[in-house]
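Shown next, in structure tokens, is the structure this report addresses.
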Amino acid sequence: MVKRFNFKKIALLAALGTFVSGTAVASDLVITFDDLNPDKKLAFEAAVEAFTRANPDINVTANNGDREAHKSTIRNALQNDSPDVITWYPGNRMGPFVDAGLFMDISDLWASDENLSKNFEAIKPTMSRDGKQWGVPYSYYQWGVYYRADIYEKVGITEPKTWDELLGNCDKLKEAGVTPFTIGTKFLWTAAGVFDYLNLRTNGYEVHNDLTAGKIKYTDDRIRATFANWEEMLDRCTFVSTHATMSWQEAISPFAKGDAAMYVMGNFSVGQYKEAGLTDDQIDFFQFPEITPGLPRAEEAPADAFFIPAKAKNVENAKKFLSFIATPGIQSAWNKAIGQLPPNSEAEINTDDKFIVEGMETLSTAAGLAQFYDRDAPAAMAKAGMEGFQKFMLDPSTLDEVLENLDKVQAEVY
Amino acid sequence: MATTEFDSHDRFATSSTQVAIAGIILATCLFILYFVVNTAMVQELLGYTQRMHARVPTFFVRLVVVIIAIGAALYLVTGLSVYKRNKVEWAPWLFLALGLGLFMIYVIIPIFQSMSYSFTKWDGLYDIDGNWTGEWVGLHNYKILLDDPNFYTSLKNNILWLVLYMLAVPIGLFIALFLNQTVRGIRIYKSLFFFPFVISQVVVGLIFTWAYNPEFGLLSEFWSWFFCETKENIMGNLTRVCSVDPPSILGNEHTATYGIIAAGLWPQIAYCMILYLTGLNNVSPDQIEAGQLDGAKGWKMLWYVVLPQLKPATFIAVVVTVIGALRSFDMIATMTQGGPFGSTNVLAYYMYDQAVGEGVGRYGYGSAIATVLFLIMLVYISYFLWRMYQDEKEAK
């Protein structure tokens, strides 16, 4: 899993160093990345290669590991074996590390680098904590409803703009024998996507932030209103019944077969639909419809970012790398390769990809960008919350029990 | 040199030379160890760019150095005349020293460490200066624990596991009795029955997860024969329509734990079976014959003649089954990750989930769960040790 880009050089240096100790050597940069999916891996490696080409005097060591494992190993990496640059999630998820002083404050870089200070306005709040900036995002993507355009056409319905239209579509789909929504909640977070959208559309961006920041209780009337809408959705827009045993990938199967028509998901899923045999003509995207009329539309747009550990040894090179990956050129190439959106507003997007075009349109006009329930809320809260969502989805009558338990966890975690 | 009775036949007779040699080796080892541990220095010497490259070789170098150092220390101690005078008392401790040391470092000390963490609120992080970031909260974690529905679910599941897992013992016994005959190819049958125990727990978990899958699993295929028919859906694809939905065993909080226990029983039965098969080999034919002469057969023969002779096998079968039930972690991790919504957690998994899993990072709370689990297991361990002690006494 460790890719050494210039192994020969290192070996040579090692040999030289043994004999001529004390000779000045070129400076180093150690990067830890966390995505082994083929396209993500290639895009990262391409960016690193471009960086080494631009900075031949820097020895880059790029390590790449499993995404889920990274969530645990980062603790050790930040406290003992610090690389110079490491990937992590912005929003509240970076909170514990920022508070413990394990990430380096890079506000000076944000201020001095013209590209960073000018072209990242929209995402800057997400990268900030205590009024300082802690990382540089390299990619983000939109969430929304992916649907089977061909089924919609057959049933004779169109993209819903309002909550009632959505519920009406669901009724017609069910009449035609199609389950309206597919979902796989085995790994919990997919349910949080649905909850977030219902909450953002029912109560708006502020309430989402206050809830995930622990300022609003789960038994609050506003949150109850969200759950009331969810109950209506469960009732009229049925989800596939076996969702608790499926991962999000497995849940694509009924969608691809035509047994289910819609999927609340992130844009990273498009590749999987196509792998399942669906074409661009068969699938399409719409923004989650409005529930409370007139509410400013906020969207989910989780970002992935690079951070500098406080214990990094080659800080200057690390900052150079962060500046480099923030440039429009790199951001364009990287996100074209992985089918996501560049946070840099100057970067180009792949206009051949209709989902990317719609995503750009969705996010650039949004009134606020949420990270995602499990990134905005502390991990301990998110875990309990998402288990509660799943329980509610399986049996809506447990609502009171679920909300009261979440209040207890909330009181404990924050 | 003091003349003791050991001297004449002692392999370690040359005490002073021995002390000198061992002392030199020991000092050299410590000196090398200092250099190897001080990786920064070594890295600079070798021109390594990152600690990661240096880690593997230094680990082995350290290992070799430590082994040599221990050898030298042993050589040194055994050369002392104090040791020679008290050889009989000291020798067992010398042999035990390494094991005891490791046991202290990896088992005993961590037990007390995690007990002490259970009185704190800590997210598992040290700050940049290596300071511990937690805070002392007294019995707070235990108070929340008593009010946590997930804790009771986990506790209940632990008990379910312990009780239902015991089924492996009688079922294993009956399969063993059934297989304890001489027909052609019996070895093949025995190996086939033993087969599930050879497969890794993770694989067993995966096989059962697939078998239970309500969409494409074996169970749902079987279900389809009775309740489902294949129809064309709106897009013209063939799809299954059921009058009664196939059971979603792992997706339903009432059945999921039983589903995992059933999967775990499969290899465990095989294990108990093999224990009993070996036990049955040692059943004395004389006693069976004597029983037959006295008119015992069937259940009576089994209960009064065979089973008492299988007592050692039963004891071991019960012990390994209890251990197996407490090691349910692997099965849960592969089959449900504690879900749906934590309903298949056991204490061990819940502890992991709260402390380390997915970066939740409630180390204090996780430690409190661990402490409760430890206290529960202590009951069993004490019984086991007491039982062993009694057996030893009887043997004397």
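Residue numbers begin at 1 in each chain, while the letters A, B, ... track the order of the sequences.
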task = Tell me, out of Val178(A), Thr245(A), Thr185(A), Asp395(A), who's got the most heavy-atom pairs with chain B below 4.5 Å.
result = Thr245(A)
ask   = Hey, which of Met381(A), Lys154(A), Glu387(A) has the most heavy atom pairs under 4.5 Å with chain B?
value = Glu387(A)
Ring centers of [X], [Y] separated by less than 6.0 Å:
X: Trp266(B); Y: Phe208(B); answer: yes
X: Trp88(A); Y: Phe307(A); answer: no
X: Trp223(B); Y: Phe226(B); answer: no
X: Phe392(A); Y: Phe389(A); answer: no

message = For the interface with chain A, which of Pro149(B), Pro246(B), Ala256(B), Gly338(B) has the highest count of heavy-atom pairs at distances below 4.5 Å?
response = Pro149(B)
message = Counting heavy-atom pairs under 4.5 Å with chain A, which one of Leu250(B), Ile234(B), Asn150(B) comes out on top?
response = Ile234(B)
Between the side chains of [Y] and [X], is the shortest nitrogen-to-carboxylate-oxygen separation below 4.0 Å, so that they form an ion pair?
X: Lys383(A); Y: Asp353(B); result: yes
X: Asp147(B); Y: Lys408(A); result: yes
X: Lys391(A); Y: Glu401(A); result: yes

Give, as side chain, backbone, both or neither, the part of [X] having an atom under 4.5 angstrom from any heavy atom of chain A.
X: Ser343(B); result: neither
X: Lys231(B); result: neither
X: Ile249(B); result: neither
X: Ile144(B); result: side chain
X: Asp123(B); result: both

task = Check step by step if ring-ring contact (aromatic ring centres under 6.0 Å, His included) holds for Phe151(B) and Tyr350(B).
result = CA-CA 8 Å; Phe151(B) 170 68; Tyr350(B) 190 45; 7.7 Å; no
Does any heavy atom of chain B fall under 4.5 Å from the side chain of [X], the backbone, both, or neither of them?
X: Val409(A); value: side chain
X: Glu412(A); value: both
X: Ala191(A); value: neither
X: Asp259(A); value: both
X: Ile151(A); value: both

ask   = Quick check: are there more than 12 heavy atoms from other residues, nucleotides or ligands sitting under 6.0 Å from OH of Tyr414(A)?
value = yes
